[in-house]
J.: 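The structure follows.
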Amino acid sequence: MNNTQKDFKLLPTYFKKIAFALIGISAIFWILSTTKLIPIERELTELFTKNIILISLLILTISSNKIEDELTHKIRLKAFAFAFISGVALTVFGSITSAFFSFQSSLVNMSPTSLLIQMFMFYYVFMFAVKKGNREK
Amino acid sequence: MKNRLKIERAIKDITQEALANKIGVSRQTINSIEKNRYIPSTILALKLSKVFDKNVCELFELEDDD
């Protein structure tokens, strides 16, 4: 791996476990609060859960794989680009849809947190598809 | 770009996994190079040439459309 690739700093692999643990904790918290086992307001639960999930997804994304090489970096960068373009496309599509059809779609009212979570999803879908494609061909 | 990686690997009788371990990449990377789906960096090409004790030009060859 050359110096430019070494400059592509990622968190150590064990951070993936931390991210999954955080997702688990937020899921348990959400279940406990919706079943009224913990008396917490719904807005507060949503705020907590969404933000923890967002942080977890970010940690998952910037944690290195067991084997990190130049092909992985290339796929990672392509996935970032795909997620960013999809996020912009989703936002623009939402605005155009509401302007032409004059209805408030969920795409227009999407919060920044939801948009970012969807962008992470696009990132993972791309990564999964490319890795699976590489294995099968 | 075509390459002789698979042939050279067969001559040396080493698996994709063993080759990947020798040069510090994943088996998928070796597989992608062999299938011409990924063109390696200069550093990786030089590492491969060192393993097979061949010039880079002997391992990789430009095609007309490159």
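Sequence lines set the chain letters: A, B, ... in the order given, protein chains first and strands last, and positions in each chain run from 1. Computed from a prediction, not measured in an experiment: that's the story for all the values here.
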J.: Please classify the contact of A/Ile67 with chain B as side chain, backbone, both or neither, using a heavy-atom distance under 4.5 Å.
T.: side chain
J.: Is the shortest heavy-atom distance from the side chain of A/Phe48 to the side chain of A/Phe29 under 4.5 Å?
T.: yes
J.: Please state whether the side chain, the backbone, both or neither of A/Lys66 comes within less than 4.5 Å of a heavy atom of chain B.
T.: neither
J.: Quick check on B/Ser32 against chain A: is it the side chain, the backbone, both or neither that has a heavy atom closer than 4.5 Å?
T.: side chain
J.: Considering residues, nucleotides and ligands other than B/Asp64, do more than 12 of their heavy atoms fall under 6.0 Å from its CG?
T.: no
J.: Distance only, no hydrogens: is a donor on one side chain within 3.5 Å (strictly under) of an acceptor on the other, for A/Tyr123 and A/Ser86?
T.: no
J.: Could you tell me whether the side chains of A/Asp69 and B/Thr29 share a donor-acceptor contact shorter than 3.5 Å?
T.: yes
